[in-house]
Amino acid sequence: MTAPFEIPGLVLAGGLSRRMGSNKAMVQLGDAPLMSRVISRITPQVCDVTINAANGWAESFGLPLLPDTLNGHAGPLAGVLAGMRHFQHRGDAVSHFLTAPADSPFFPDDLVVRLCEHLSDNAIVIAASSGQLHPVFALWPVALADDLEAWLKNDANRRIRAYLARHVTIGVAFAPLETAKGSLDPFFNINTPDELALARSYLESMEA
């Protein structure tokens with residue numbers, strides 16, 4: 001069984017942020033950019049952190065950058081594939097790695113510990129809440145790299161849930177966060193200015 005501290009983390013930050021109107025990873029949430037909050041939350045849970053992003057904007061966070069290996073914007077699966085290839089060839093016998101998106105700042109601080117309780121060879125272990133899976137919060141086996149690369153060669157294959165349907169998946173349920181403002185899905189993600197405003201109000205209620 002792989003211990004949580006042996007799991008590397010990959011922050012998925014390759015999206016186009018169309019609905020935000022600017023790079024959402026760099027929007028301010030409280031006293032820090034959204035990306036900084038995600039990095040701070042993931043870092044204690046993994047052995048190291050890499051950012052899946054194109055060159056040109058994420059260097060300021062001082063972490064290794066891993067651009068997509070596919071041309072164009074093929075969605076989060078392209079970032080997952082880049083991670084699989086990277087960790088497969090890194091030389092430290094990593095079997096799985098964690099993905100977390102750059103737009104979800106409230107995910108649980110026991111995410112990796114809980115997911116690692118269900119590690120199983122080639123199964124993809126996925127966080128869930130309120131009956132919904134959150135595939136961008138998952139432990140991915142590096143052994144699926146060839147399979148995923150072959151799948152993504154078809155431009156019609158971009159939907160992450162369609163890919164998951166071809167594999168063994170294990171969902172791990174997490175409870176809502178209780179705040180002074182009410183219950184919050186721990187995997188709440190920020191895509192729009194309105195969602196950013198909501199996240200700010202929840203953060204203020206947590207820090208009050």
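Since this is a predicted model, take the numbers as computed values, not measurements.
- Although no hydrogens or angles enter the test, the distance criterion places a donor-acceptor pair under 3.5 Å between the side chain of Gln45 and the main chain of Leu111.
- For the pairing with Leu98, the side chain to side chain contact (heavy atoms under 4.5 Å, CB included) check across Leu10, Val125, Val49, Ile42 returns one residue only, Ile42.
- Side chain of Asp68 to main chain of Leu70: no donor-acceptor pair is present (N/O by atom type, distance under 3.5 Å, no hydrogens or angles).
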Going through the checks in order, is the side-chain contact (heavy atoms from CB on, under 4.5 Å) test met by His167 and Asn122? CA-CA 8 Å; His167 292 279; Asn122 288 342; over 6 Å; no

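- Looking at every heavy atom in both residues, Arg114 comes nearest to Ala173 through NH2-O, 2.8 Å.
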Start with the C-alpha distance between Leu133 and Arg161, add both sets of side-chain angles, then the distance that settles side-chain contact (heavy atoms from CB on, under 4.5 Å), and finish with yes or no. CA-CA 9 Å; Leu133 288 175; Arg161 291 177 189 274; 4.0 Å; yes

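- Without hydrogens or angle criteria, His118 side chain to Ile126 main chain gives no donor-acceptor distance under 3.5 Å.
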Step-by-step ring pair (Phe, Tyr, Trp, His ring centres under 6.0 Å) determination, Phe97 to Phe87: CA-CA 8 Å; Phe97 65 99; Phe87 295 118; 5.0 Å; yes

Tell me, with the steps shown, if Leu81 and Trp151 meet side-chain contact (heavy atoms from CB on, under 4.5 Å). CA-CA 10 Å; Leu81 175 60; Trp151 167 262; over 6 Å; no

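- In terms of heavy-atom proximity, Phe188 sits nearest to Pro105 at O-CD, 4.0 Å.
- Between Arg85 and Asp146 there is a salt bridge, with a side-chain nitrogen of the basic residue lying less than 4.0 Å from a carboxylate oxygen of the acidic one.
- Here the side chains of Leu34 and Asp103 are in contact, with some heavy-atom distance below 4.5 Å.
- Looking only at side-chain heavy atoms (C-beta outward), Pro8 and Val94 come within less than 4.5 Å of each other.
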Give the intermediate values and the outcome of ring pair (Phe, Tyr, Trp, His ring centres under 6.0 Å) for residues Phe106 and Tyr202. CA-CA 10 Å; Phe106 303 121; Tyr202 272 108; 7.0 Å; no

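- Between the side chain of Arg158 and the main chain of Gly75, no donor-acceptor pair closer than 3.5 Å is present.
- Scanning all heavy atoms of the two residues, the minimum distance from Ala53 to Ala13 falls at CB-O, 3.9 Å.
- Within the 3.5 Å criterion, the main-chain N or O of Ser36 finds a donor-acceptor partner in the side chain of Ser40.
- Interatomic distance, NE2 of His96 versus CG of Leu139, reported as 6.5 Å (0.5 Å rounding).
- Classification of the Phe137-His134 ring pair by plane angle, with boundaries at 30° and 60°, yields perpendicular.
- Formation of a donor-acceptor pair under 3.5 Å by the Arg200 side chain with backbone atoms of Glu195 is not found in this model.
- Between the side chain of Arg37 and the backbone N or O of Gly30, no donor-acceptor pair lies under 3.5 Å.
- Ser130 places no side-chain N or O within donor-acceptor distance of the main-chain N or O of Gln132, the cut-off being under 3.5 Å.
- Across every non-hydrogen atom of Ile160 and Pro135, the tightest pair is CD1-CB, 3.7 Å.
- From Leu184, atom CG reaches atom OG of Ser205 across 8.0 Å, with rounding to the nearest 0.5 Å.
- Closest heavy-atom contact between Leu152 and Asn157: CD2-O, 3.1 Å.
- Nearest heavy atoms, Ile170 versus Ser120: CD1-CB, 4.3 Å.
- Between Phe107 and Phe174, the distance separating the two ring centers is not shorter than 6.0 angstrom.
- Between the CD atom in Glu149 and the CG atom in Leu77 there is a gap of 13.0 Å [rounded to 0.5 Å].
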Evaluation steps, side-chain contact (heavy atoms from CB on, under 4.5 Å), between Ile124 and Val168: CA-CA 6 Å; Ile124 304 165; Val168 176; over 6 Å; no

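- The local environment of CZ in Arg166 is crowded, with over 12 non-hydrogen atoms from other residues, nucleotides or ligands closer than 6.0 Å.
- Distance check: Lys24 NZ to Leu29 CG gives 13.5 Å after rounding to the nearest 0.5 Å.
- Taking OG of Ser183 as the start and CD of Glu178 as the end, the distance is 3.5 Å to the nearest 0.5 Å.
- Annotation: the span from Asp48 atom CG to Leu63 atom CG amounts to 9.0 Å, rounded to 0.5 Å.
- Using a 3.5 Å distance cut-off with no hydrogens or angles, the side chains of Asn52 and His86 do not pair a donor with an acceptor.
- Distance alone, capped at 3.5 Å, places no donor-acceptor pair between the Thr169 side chain and the Leu164 backbone.
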